[in-house]
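These numbers were taken from a predicted model, which means no experiment stands behind them. A note on names: the letters A, B, ... follow the listed sequences, proteins ahead of strands, and every chain is numbered from 1.
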Number of protein chains: 2
Amino acid sequence: MADDYRGMLDADRLIHEPARLVITTILYTVESADFLYLLRETGLTKGNLSSHLSKLEEAGYVVIEKRFEGKTPRTLCRLTEAGRAAFEDYRQRLKRAAESLSGLG
Amino acid sequence: MADDYRGMLDADRLIHEPARLVITTILYTVESADFLYLLRETGLTKGNLSSHLSKLEEAGYVVIEKRFEGKTPRTLCRLTEAGRAAFEDYRQRLKRAAESLSGLG
DNA sequence: GCAGACTGGTTTGTATTGCAAACTGGTTTG
DNA sequence: CAAACCAGTTTGCAATACAAACCAGTCTGC
């Protein structure tokens with residue numbers, strides 16, 4: 001419909017935040033990524049990435065597994081089912097909104 | 001490109017906010033709308049709509065003209081050229097991001 | 001003609017956010 | 001063994017989003 005852009009009003013704010021959109025998108029495609037990989041890929045600062053991940057974890061969208069690889073710590077992140085579902089819902093809304101906006105000329 | 005969703009990292013936060021996205025989208029299509037029309041169309045509360053409009057005005061994206069229509073005040077809003085440009089940039093990013101996300105399966 | 005409801009908004013208060021700088025616990029290097 | 005480094009977390013702060021409270025003026029009932 002022509003006013004599907006209104007669907008953005010109900011979009012999940014947790015995913016809507018650009019930094020987290022990028023994070024979840026990466027996690028959606030990759031299935032598992034570590035902190036440093038996300039750091040490079042997103043270009044965020046460490047503190048920023050850390051707190052966004054915590055927020056996604058609290059929401060149950062991401063699980064964070066910490067382990068040691070030899071002597072160095074490694075933080076693995078992956079999307080939960082809830083996270084995938086939330087991402088897919090967001091993506092759908094985004095798609096509809098984009099199509100709707102493209103129809104404006 | 002496949003990772004155009006990263007473009008959202010540089011998206012204009014002023015427009016990215018869902019309430020303001022809806023406001024600017026309406027103003028983009030309508031060229032001039034009054035407060036009460038926007039109120040109905042967006043479903044926002046008055047206070048909320050008022051402060052979003054102020055923010056858009058401060059940014060130079062919207063001009064707000066107050067006049068009296070008989071005895072009742074009327075607040076007219078329209079997008080400036082800068083506002084249209086910002087909206088168009090955002091829309092472009094959104095479109096690319098949506099296409100990019102759609103390619104994820 | 002005036003008390004109270006209504007109109008069309010704005011301001012205020014609060015809780016949440018996004019961000020980077022400062023910090024932490026541990027490891028490697030000189 | 002001190003300094004630098006690594007992989008993150010916590011802290012501090014400025015900016016936000018939101019709705020409730022407010023405000024100036026108008027209409028309505030009595």
Side-chain angles (χ1 to χ4, degrees), chain A residues 6 8-27 32-78 86 90, chain B residues 6 8-27 32-78 86 90:
Chain A
R6 281 159 209 270
M8 293 310 288
L9 284 170
D10 300 316
D12 189 331
R13 310 292 270 234
L14 222 74
I15 294 185
H16 187 60
E17 153 64 31
R20 284 188 302 255
L21 175 59
V22 170
I23 294 171
T24 54
T25 301
I26 293 173
L27 292 179
S32 173
D34 66 8
F35 190 91
L36 294 175
Y37 175 77
L38 290 174
L39 195 62
R40 282 197 310 279
E41 290 296 306
T42 60
L44 297 169
T45 61
K46 292 184 296 174
N48 208 350
L49 176 56
S50 177
S51 53
H52 281 310
L53 283 174
S54 296
K55 213 150 281 186
L56 290 169
E57 188 184 22
E58 279 165 34
Y61 287 0
V62 160
V63 277
I64 298 182
E65 184 193 345
K66 286 164 186 304
R67 59 161 76 144
F68 273 87
E69 208 103 317
K71 302 210 166 174
T72 75
R74 185 140 185 253
T75 299
L76 285 169
C77 313
R78 61 192 161 73
Y90 183 83
Chain B
R6 280 159 210 271
M8 292 310 290
L9 283 169
D10 301 317
D12 188 329
R13 309 293 270 234
L14 222 75
I15 294 185
H16 187 60
E17 151 64 30
R20 284 188 301 255
L21 174 59
V22 170
I23 294 170
T24 54
T25 301
I26 293 173
L27 292 179
S32 174
D34 66 10
F35 189 90
L36 293 176
Y37 177 77
L38 291 173
L39 194 63
R40 280 196 311 278
E41 290 296 305
T42 60
L44 297 169
T45 61
K46 293 183 298 176
N48 207 352
L49 175 57
S50 177
S51 53
H52 282 309
L53 283 173
S54 296
K55 212 150 281 185
L56 290 169
E57 187 184 23
E58 279 165 32
Y61 287 180
V62 159
V63 277
I64 297 182
E65 185 195 342
K66 288 166 185 303
R67 59 162 77 144
F68 274 86
E69 208 102 317
K71 302 211 163 172
T72 74
R74 184 141 185 251
T75 300
L76 283 170
C77 313
R78 60 192 161 74
Y90 183 84

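L49(A) comes within contact range of no nucleotide atom at all, as no heavy-atom separation falls under 4.0 Å. Residue K71(B) is in sugar-phosphate contact alone, with no base atom involved, counting any heavy-atom pair closer than 4.0 Å across all strands shown.
Proximity of K55(A) to E17(A): side-chain heavy atoms (C-beta onward) are nowhere separated by under 4.5 Å.
An OP1 or OP2 oxygen of dG18(C) is reached within less than 4.0 angstrom by a side-chain nitrogen or oxygen of R20(A). Phosphate contact (OP1/OP2 of dC18(D), side-chain N/O of K46(B), threshold under 4.0 Å): absent. Put simply, K66(B) has a side-chain N or O that comes within less than 4.0 Å of OP1 or OP2 on dT10(C). The phosphate of dT16(D) has neither OP1 nor OP2 within less than 4.0 Å of any side-chain N or O from H52(B). One finds no side-chain N or O of R74(A) lying less than 4.0 angstrom from the OP1 or OP2 phosphate oxygen of dG26(C). A sub-4.0 Å separation between OP1 or OP2 of dA19(D) and a side-chain N or O of N48(B) is present.
Legend: residues meeting ring-ring contact (aromatic ring centres under 6.0 Å, His included) with Y90(A), ordered by chain and number and at least two apart, are H16(A).
Distance L53(B) CG to dA17(D) P: 13 Å, rounded to the nearest Å.
Of the nucleotides present, dG25(C) is the one that pairs with dC6(D) by Watson-Crick or G-U wobble criteria, both distances under 3.5 Å.
In this structure, the separation between CD1 on I15(B) and CG on L56(B) is 7.5 Å, given to the nearest 0.5 Å.
Between the side chain of R74(B) and the backbone N or O of L36(B), no donor-acceptor pair lies under 3.5 Å.
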